[in-house]
Amino acid sequence: MKTEQVKLTQVKSNAANPRTITSDKFTKLVNSILVLPKMLEIRPIVVDNKMLSLGGNMRNNALRAIAKMTPEEIAARLSSLSDFQSKTKGERDKLVDWWGKWLEAPFAYIIKASELTEDEKKQFIVKDNVSYGQWDYDLLANNFDNKKLEDWGMDVWNASPMAFTPMQNTASNIPSSTPSAPDESEDDGAGSIITEDNLPPELQGVDLTPQDLPKIQGDDNTPMERIIITYPKDRLPELLALLGMASIDKVVYRIDEILPSTE
């Protein structure tokens, strides 16, 4: 099999490809291609004898989106990307010029998988998109910049700020200074009501060190109903990997929020 350069219009998008992409991820894919078009030749689109894409369907769609841009739109988009900004002026000018020439005659690099049977084509479409490996978050944290990883399309471990609408100060939503009992639907079961006066120190918004926390008596065999984990910020990726969580954005978690139910 050899890599060929063909007109972009010759490559057909595969509507039967079960792989989808979100708008945000598609934007990052377009940006990734714009700033590093060398990857197009290194990772050519795989097509069948009818030029239907089997592998690289999303890249084909991204190239079609780029082909609809003007040179000015590409230059403006590139200028907003950190990987483009880190290049020298000569490198930036060369890249903008490369895309300008590409727009005059859009093309794609392909490899023809002409020997695949229909069943093998289906296998390839799925297997080409399956990720068998997993990331070493220690190495990522120590050797890569979080912002760059996010720009490259990776889901990093930093929690995204949640959007919210500020509440208006109306009589109906001004909180009472005295906490009230929770509704029945909010009660996790029998127990005393937690008020401001009896919150444990670790939940009062006070900066604590491990030495400040209450000591739990017992040995390794002592039954426990809760644990407190303290960790330095630089070891957050390790903790997230251990717990199988994308982020830690609150103080208290129920076990069923971390571990799947065994029922």
Under the criterion side-chain hydrogen bond (donor to acceptor under 3.5 Å, both in side chains), I'd like the reasoning laid out for R77 against N31: C-alpha separation, chi angles, the key distance, then a yes or no. CA-CA 8 Å; R77 189 152 177 170; N31 291 345; 2.7 Å; yes

Say you draw a straight line from [atom1] of [X] to [atom2] of [Y]; how long is it, rounded to the nearest 0.5 Å?
X: E73; Y: L34; atom1: CD; atom2: CG; value: 11.0 Å
X: E115; Y: T117; atom1: CD; atom2: OG1; value: 10.5 Å
X: N61; Y: N17; atom1: CG; atom2: CG; value: 9.0 Å
X: K112; Y: K2; atom1: NZ; atom2: NZ; value: 9.0 Å
X: F84; Y: R92; atom1: CZ; atom2: CZ; value: 6.0 Å
X: R59; Y: L40; atom1: CZ; atom2: CG; value: 8.0 Å

Is it true that [X] and [Y] fall in one hydrophobic cluster, defined by side-chain heavy atoms closer than 4.5 Å?
X: I21; Y: W152; value: no
X: V47; Y: L52; value: no
X: I74; Y: L29; value: yes
X: L8; Y: I111; value: no
X: L36; Y: L149; value: no

Are [X] and [Y] within salt-bridge range, i.e. N to O under 4.0 Å?
X: E104; Y: K101; result: no
X: K121; Y: D48; result: yes
X: K28; Y: D24; result: yes
X: K94; Y: E91; result: no

Worked verdict on D93 versus K89 for side-chain contact (heavy atoms from CB on, under 4.5 Å): CA-CA 6 Å; D93 292 342; K89 185 180 185 304; 2.8 Å; yes

Evaluate the side-chain proximity of [Y] to [X]: yes if any heavy-atom separation is below 4.5 Å, no if none is.
X: L78; Y: L95; value: yes
X: F144; Y: L139; value: no
X: I66; Y: W102; value: yes
X: F124; Y: V46; value: yes
X: W99; Y: I33; value: yes
X: L236; Y: I248; value: yes
X: I45; Y: Y109; value: no
X: L54; Y: D128; value: no

Can you name the nearest heavy-atom pair linking [X] to [Y], along with the distance?
X: V11; Y: A108; answer: CG2-CB, 4.4 Å
X: S82; Y: K148; answer: OG-NZ, 4.3 Å
X: S86; Y: D83; answer: OG-O, 2.9 Å
X: I125; Y: P18; answer: CG2-CD, 3.7 Å
X: V35; Y: K87; answer: O-CE, 4.0 Å
X: K12; Y: R64; answer: CA-NH2, 4.1 Å

Taking everything shown except M39 itself, do over 12 heavy atoms lie less than 6.0 Å from its CE?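 Incorrect, the count does not exceed 12.
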
Would you say NZ of K127 has more than 12 non-hydrogen atoms from neighbouring residues, nucleotides or ligands within 6.0 angstrom?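 No, NZ of K127 has 12 or fewer neighbouring heavy atoms, counting only those of other groups under 6.0 Å.
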
Taking it one step at a time, do M51 and I110 satisfy side-chain contact (heavy atoms from CB on, under 4.5 Å)? CA-CA 9 Å; M51 297 296 286; I110 65 163; 3.6 Å; yes

Answer yes or no: is there a donor N or O on one side and an acceptor on the other, between the side chain of E238 and the main chain of R235, under 3.5 Å?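 Not confirmed, E238 side chain does not pair with R235 backbone.
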
Take Q123 and D119 through the test side-chain hydrogen bond (donor to acceptor under 3.5 Å, both in side chains) and record every step on the way to the result. CA-CA 6 Å; Q123 287 188 52; D119 180 66; 3.0 Å; yes

Apply side-chain hydrogen bond (donor to acceptor under 3.5 Å, both in side chains) to N60 and S13, showing your working. CA-CA 7 Å; N60 180 43; S13 292; 3.0 Å; yes

